[in-house]
**Student:** 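Here you go, one structure.
Note on naming: letters A, B, ... go to the chains in the order of the sequence lines (proteins, then strands), and numbering restarts at 1 for each one.
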Amino acid sequence: MKKDFSIVGKSVPRNDGKAKATGTATYTDDIKLPGMLHGKILRSPFPHARILNIDTSRAASLPGVKCVITGEDTPKIKYGNWRLFPDTQDEYPLAIDKVRFIGDEVAAVAAVDADTAEEALELIKVDYEELPGIFDIDSAIKEGAPVLHDYCPGNISVNRKIHYGDIEKAFAESDYVREDVFNVHAVSPAYLEPCAAVAQCDLDGRITLWTSTQVPYIVQCLLASTMGMRENDVRVIKPFVGGGFGGKMELRTWEFCAAFIAKKTGRPVKFTMTREEEFLAGRRRHAMKLYSKVGFKKDGTLTGKDLRIYLDGGGYNAMGPTATFLCGTFGAMLYRYPNYRFWGQHVYTNKPPASAMRGFGAPQSLFATESQMNIAAEELGIDPIELRIKNAQVTGDEIPDVATISSCGFIEALQKAAEMSGWKEKRYSPKPGQGIGIGCYSFISGGVFNWFNTQFPFSAAEVRVFDDGTAHLLTMAADIGQGCDTVLKQILAEELGLKMEDIRITSADTSTTPQADLGAWGSRLTMMNGNAVLDAAKKIKAQLFGAVSARQNLNVIHELGCKDGMVFPKSRPDRGIPFGEAVAMAQKANRGEPLVERGYYTPRDKGLVTPAFSFGAQISEVEVDKDTGVVRVKKFWTAHDCGTVINQMAVEGQLEGSIQMGLGYALSEQFVMEDGKTLNTNFLDYKMPNAMDVPPSEVAHIETYEPEGPMGAKEAGEGLAIPTAPAIADAVHHATGYRCKDLPITPEKILAGKKD
Amino acid sequence: MLLPKFDFHEPATIAEACQMMAEFGSEARLIAGGTDLMVNMKHKVISPNHVVSLSRIDDLKKLDLSDSTVKIGACFTVAEITESEEIGKKLSALRTGARALGSPLVRNRATIGGNLGTARPAADLPPSLMVYDAKVVLTKSSGEREVSLDSFFKGPGVTEIQPDEILTEIRVDVPPPHAGAGYINLGIRQAQDCNLVNVASYIALDGPDGTIQSARVVMGCVGPTHLRASSAEKLLIGEKPSDELFEKAGEAAMGDCTPIDDFRGSAQYKKAMVGVLTKRTLGIALKEAKDRG
């Protein structure tokens, strides 16, 4: 199925590269509107408390303050991304009656400048009645534990079960059964651009919101419902965004407050979060407690898995329901489990809400899977790569209740990673203090389950072509730094036979780009928007082919193509017509009507999880200082299958970023918390690895062809964030004898656990 | 996060700066690179009414080298220390400390005087300066005094500097032949991190293969100020250097430190690392002592 591509597969420079490198890219905080007010948010100092009274009078009378609002001023409508299940929508833009974590939003101020707004916050008097707080899963689910939400007496807000086969029988018939408990911690998406929003209200009462978001459409809909407005009276525009990683995929308080205050005062309003606010109260990856039991036959054949997961959700659901669903789904991916049982529960605690973050439940779930695979390999006396190959999913495998895998390069990836890294020699004749380890992943290329309950297709694209040989692509897809504007342009350029510079793109403006798009999350854009772009391009081509065919008086049996700026019969390339002229002909045939087409994609008949799966294997080599316990990762080798690589450089960028994030997850990043208070709210103490810590890495693209994907492509954005932690953990075990089941792997744990 | 309001002063001479400090006293703060002061002011940890900048005073930026002493102006930047061949030759552990400090951007702004004057127990420059037995010059309108670094630090953020005084210079005697020093800092990241533990060691031998004539070991992050490991030093003096001796010195240093549990690490781990780093820095010091013979 592989094709010769002109633009797809090349390292095409990014659409936004020049603007970002020269500092001309306009982010939300760069936007300044005439008369604009500056907003600040008052946050709860208590992890759990009842609000008895809020007195804003002194703040409101401070010169320069234009508006102070509390939950009482708002329509008191709850929101949450799981619109299909209103019970899960548990959050108000500003606290009503209660606060549930330190940093929970209580009031908002807008003033003529940020200084004044900040000063006004100190003048708001809130009377709280402190309530006992719960800060970990075990205390939250205990009988008689304090209750966070009245509707949810046991603090368990989401239950998800999966069961197929006969798990008890499978274990009874196994030769080897292994049971472990894993604890994984919360980490911050730590996007470099803190959240920000600017809102403006026109004289008809319509809102325009510029916001640093991954999901313009979701923000549009939820902002409208929370304000009590019609969806199409809200316009959301995504300017340049400095990363999201899942942390910007919901409607957030400041978006609401900016819009609400803009409407109330008639003046534009800007809110920009500080880094301290992001670390104190921002969204994060779920901490989880995972009980995993796996069975094997003597020869290494997997018999089944029983997985029980508690997710530490924090004070509100946020994207927790999706994480709860997905961590169970991920538990059954990568390998063939004939019998599988999963029970996941999402637990409320008095901490900042966890939400989506790169991998969406997979880094946690697959840390357990991969660690246990390595433990089992050791105990069964089988090489970890051999054990994986024996149980690896392959093309055509069906995951019950999920989907059939339509392309899979997992075994090839395992073999290639082993070969690149010199696995055999390094694993079996290691140097003192050094170790080598493996971790693997499989990930979804976009989700199918429509919890947002959209009436629109999952993705859409509009393509306009002109007689000067240019095209204009409009899409609601949100480029947040991952590069989808570039990738979508490449797909369109390839299909229409144009050059990158022939295409203008307008994206992520809910009032001008075609409805709709569920956003940049779940690694969905290349697959879903790529397909929408292709659909539109194919419709354009049909029109062009009709016009050219008529003009050239071609026999109907001729197939036509677009390449190098020409539209031509494939068997008679000499009778081609320049693209722009072909557009003019088609337009003339339609009496001047512009040549515009729309394309759509919604995964259908693909189960409820995803239309396609990525796979990959990563090997890491570490050196552990036996006296200090400090781990230095020396090198990574990654072999991955993302189907057709649309843009080499972009995929390699995703890998580099994933490794940096994975390193932090494995070794250094964590929220240090005491009774619900975060102690490390800055980059000095939140130990995100930097350039000095990131080792060299080698990559091999195992190209498969995904029949459901645009030009054979599938995801490369999130899966790669999964294997790094288990690979490092395995390498540390290889070097020291210490097997980490409790992330992060700190020097202290290594010194306490190492076996010389 | 916004700066509190203050008056900004830019004296052109040391005398003028001293006059201002005498006038404003504890209402004023000196600013050199500002890498510490600005952060604390933004966090409203300190809100001085006056900020007196030293950046226009060229006399504070000098490096004065002779065969026997090194005199470094308080506003000599950390980046300049990393680039100075002469400092590298004469005071190698100081340069190691300078290279470990922050990032290139921070090193371009941070000054040696600031790194001492802010008195952070995790700072990178004090340990090596202390093992070299450095002295600081504190200047005020009526004159100057020389203070040994050993008695300069009084607690976190607190030093011997009086409100009307300015730290103007750092003076270090060039170590004799057969002497060497080493510095190691340990953090989670390889750079741009707050140290978990840092140690510098210095030994002087009485001959190329001689016994240890003098020894100094200084530990950071394990007490309210940088601490001398006096029992380790005692144990080293008069002995022939060896791995076993350095191991014992490390163990002795562990007894000399008083770390606390905090969110950066446990007291137990920090104490253990004092042992490891003492041994390792002594190893570096010995190698240099032999090389400089």
**Student:** Without swapping roles, check the side chain of Ser84(B) against the backbone of Ile81(B) for a donor-acceptor pair under 3.5 Å.
**Tutor:** no

**Student:** Charged N to carboxylate O under 4.0 angstrom, Asp262(B) versus Lys270(B)?
**Tutor:** yes

**Student:** According to the interplanar angle, ranging from 0 to 90°, do the rings of Tyr665(A) and His185(A) count as parallel (below 30°), tilted (30 to 60°) or perpendicular (above 60°)?
**Tutor:**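 Parallel: the ring planes of Tyr665(A) and His185(A) meet at under 30°.
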
**Student:** Name the member of Gly187(B), Ser103(B), Ala191(B) that forms the most heavy-atom pairs with chain A at distances under 4.5 Å.
**Tutor:** Ala191(B)

**Student:** Classify the angle between the aromatic ring planes of Phe671(A) and Tyr686(A) as parallel (below 30°), tilted (30 to 60°) or perpendicular (above 60°).
**Tutor:**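 Ring orientation of Phe671(A) relative to Tyr686(A): tilted.
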
**Student:** Report, by ascending residue number, the residues of residues 629-636 of chain A in heavy-atom contact with chain B at a distance under 4.5 Å; give 'none' if the set is empty.
**Tutor:**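 The stretch touches chain B at Val630(A), Arg632(A).
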
**Student:** Taking side chain as everything from C-beta outward and backbone as N, CA, C, O, which of these in Ser266(B) sits under 4.5 Å from a heavy atom of chain A? Side chain, backbone, both or neither.
**Tutor:**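 The answer is both parts of Ser266(B).
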
**Student:** Tell me the closest heavy-atom pair linking Ser201(B) and Thr278(B), and the distance in Å.
**Tutor:** OG-O, 3.9 Å

**Student:** What part of Ile188(B) gets closer than 4.5 Å to chain A, counting heavy atoms only: side chain, backbone, both or neither?
**Tutor:** both

**Student:** Picking from Leu667(A), Thr746(A), Asp693(A), Asn682(A), which has the most non-hydrogen pairs under 4.5 angstrom with chain B?
**Tutor:** Asp693(A)

**Student:** Is any NZ, NE, NH1 or NH2 atom of the basic residue among Arg264(B) and Asp685(A) found under 4.0 Å from an Asp or Glu carboxylate oxygen of the other?
**Tutor:**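 Asp685(A) and Arg264(B): salt-bridged.
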
**Student:** For Gln268(B), is the CD atom crowded, meaning more than 12 foreign heavy atoms sit under 6.0 Å from it?
**Tutor:** no

**Student:** Could you pull out all residues at least two apart from Ala123(B) that satisfy side-chain contact (heavy atoms from CB on, under 4.5 Å)?
**Tutor:**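 Per chain and number, Ala123(B) pairs via side-chain contact (heavy atoms from CB on, under 4.5 Å) with Asn115(B), Arg120(B), Pro126(B), His226(B).
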
